[in-house]
> 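Can you read through this structure? Questions will come right after.
Every chain is numbered from 1 and lettered A, B, ... according to where its sequence line falls, protein lines coming before strand lines.
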There are 2 protein chains.
Amino acid sequence: MSRVGLTPERLAQAGAELADEIGFDAVTVSEVARRFDVKVASLYSHVKNSQDLRTRIALLALEELADRGATALAGRAGKDALAALANVYRDYAREHPGRYDAARLKLDPESAAASAGGRHSRMTRAILRGYDLAEPDQTHAVRLLGSVFHGYVSLESAGGFSHSAPDPQESWERILDALDALLRNWPADQQG
Amino acid sequence: MSRVGLTPERLAQAGAELADEIGFDAVTVSEVARRFDVKVASLYSHVKNSQDLRTRIALLALEELADRGATALAGRAGKDALAALANVYRDYAREHPGRYDAARLKLDPESAAASAGGRHSRMTRAILRGYDLAEPDQTHAVRLLGSVFHGYVSLESAGGFSHSAPDPQESWERILDALDALLRNWPADQQG
DNA sequence: GGCAGTTGCCTAAAGGCTTTAGGTAACTGC
DNA sequence: GCAGTTACCTAAAGCCTTTAGGCAACTGCC
């Protein structure tokens, strides 16, 4: 009975790989056990339950995304930074569709607080330093950018743009152009 | 052994109600059977399998959303139409979170073709008639609007904006202002 | 090096969901 | 009122989750 060396981290890592191969929804405790050639019950010493495993995969994906974002943003500003971060999300979703789905899991408040979510919003806010936006418009813009990045990538990965011209790549580029123009020319509050 | 009168439509309807109550992920064939006080196997004469049931719920939600959109757009144009359709999505997601999740299900190509997806993109395109956008920019704009609507509503419902100022309602309004401004002033293709 | 204690993976078992096969009772129309 | 069809049923197999309790393999200390 040799020991395999299971840890919560290794389980999450294996779950993330599995998610990319078979889809995040198909990642089960049983499937991960199979991958380690270990009995299912053995995993329950390392993760609380199925939900716990899925949450750990989500947290891992969020950290990976944040790491990539930090790297991409280094030394860039303005439109250049905007496009760099946007492409991090889109490229990650294409390379790791299962992990990307995992990153979209609704987290309980505690996990959300411990997640890289804060890093993500800080990165988006960093981009906005290249534009001239005061609060609360800056926060509105953070939310807009988050919505567009997440929304576009989700719709594209769901096949929403497939089989129709123009190419999604072209739309993506033009949408980034448009967002850049919008941020440089953010409308004043008409309510004012 | 009285007959209950099961049909695919009634199962989808019950599934949709269930989704709002317990979450779309928790909607199972067993749970729907329980709601009709009927044995599980009985449902399999009316739906092919679990995936089929879920797809029917998704199609129902997409139709409901499209119906609401059509009603909201009637007699409106420009920014007024933009805000009306946007609010249809957001309000629907708040009133019917389970159905909204269902509407985001990845559909197989055949179901997607038979879905109300086409109505949705035509409605968005109708809004753009109030702005001066030629192809391919019009399609880029359709995709942008779809991304923002879906992205914002998803992030908000996932709790992404909770417990932080300013109020999500305010961001939403300012984002709609910003989109209106952007559409009135869509940047020319820098590529030339 | 050997022993005590701890840890890690195991077997066993119960309960739930999915799906198929085949039976019986309730409707339909002639 | 009867024959045929349809709708729901029982039964059963397979897989996933989760808990309880056991044994073997490590750890560290003498």
> Which residues pass the side-chain hydrogen bond (donor to acceptor under 3.5 Å, both in side chains) test with Thr139(A), sequence neighbours left out?
Arg125(A), Glu135(A)

> Quick one: which residue pairs count as a ring-ring contact (aromatic ring centres under 6.0 Å, His included) with a foot in residues 88-120 of chain B, not counting sequence neighbours?
Tyr89(B)-His120(B), Tyr89(B)-Phe149(B), Tyr92(B)-His96(B)

> With a 4.5 Å limit on heavy-atom distance, are the side chains of Leu182(A) and Leu144(A) in contact?
yes

> Which residues satisfy the side chain to side chain contact (heavy atoms under 4.5 Å, CB included) test with Lys106(B), sequence neighbours excluded?
Asp101(A), Ser157(A), Ala158(A)

> Using atom CG of Leu53(B) as one end and atom C1' of dT19(C) as the other, report the distance to the nearest whole Å.
14 Å

> Under the rule for ring pair (Phe, Tyr, Trp, His ring centres under 6.0 Å), what residues qualify as partners of Phe161(A), not counting sequence neighbours?
Tyr152(A)

> Could you give the CZ-to-C1' distance, from Phe36(A) to dC10(C), as a whole number of Å?
17 Å

> Quick one: list whatever passes side-chain hydrogen bond (donor to acceptor under 3.5 Å, both in side chains) with Asp108(A), sequence neighbours left out.
Ser111(A)

> Under the side chain to side chain contact (heavy atoms under 4.5 Å, CB included) rule, collect the residues that match up with Glu9(A), sequence neighbours excluded.
Thr7(A)

> So, is Ser45(A) close to the dG8(C) phosphate, meaning a side-chain N or O under 4.0 Å from OP1 or OP2?
no

> Just jot down the side chain to side chain contact (heavy atoms under 4.5 Å, CB included) partners of Glu173(A), sequence neighbours excluded, or say none.
Gln169(A)

> Any residue in residues 4-22 of chain B with a heavy atom nearer than 4.0 angstrom to DNA chain C? Just list them by number, or reply none.
none

> Can you list everything that forms a salt bridge (Lys or Arg N to Asp or Glu O under 4.0 Å) with Arg122(A)? Sequence neighbours excluded, please.
none

> When you measure from the side-chain N and O atoms of His46(A) to the phosphate of dT7(C), is any distance below 4.0 Å, counting only OP1 and OP2?
no

> Just to confirm, is there a sub-4.0 Å distance from OP1 or OP2 of dA7(D) to any side-chain nitrogen or oxygen of Ser42(B)?
no

> Under 3.5 Å between N/O atoms: give me all the protein pairs with nucleotides 2-6 of chain D, atom names plus distance.
from, atom 1, to, atom 2, distance (Å)
dT6(D), O2, Arg3(B), NH2, 2.6

> Consider only side-chain N and O atoms of Asn87(B) and Trp172(B), and report whether a donor and an acceptor are under 3.5 Å apart.
yes

> Could you check how far CZ of Arg54(B) sits from C1' of dC17(C), rounded to whole Å?
13 Å

> Using atom names, set out every protein N or O paired with an N or O of nucleotides 18-22 of chain D below 3.5 Å, distance rounded to 0.1 Å.
from, atom 1, to, atom 2, distance (Å)
dT18(D), OP2, Tyr44(A), OH, 3.0
dT18(D), OP2, Ser50(A), N, 2.7

> Please tabulate, one pair per line, all N/O donor-acceptor pairs under 3.5 Å involving side-chain atoms of residues 72-83 of chain A, not counting sequence neighbours.
from, atom 1, to, atom 2, distance (Å)
Arg76(A), NE, Ala72(A), O, 2.8
Lys79(A), NZ, Asp177(A), OD1, 2.6

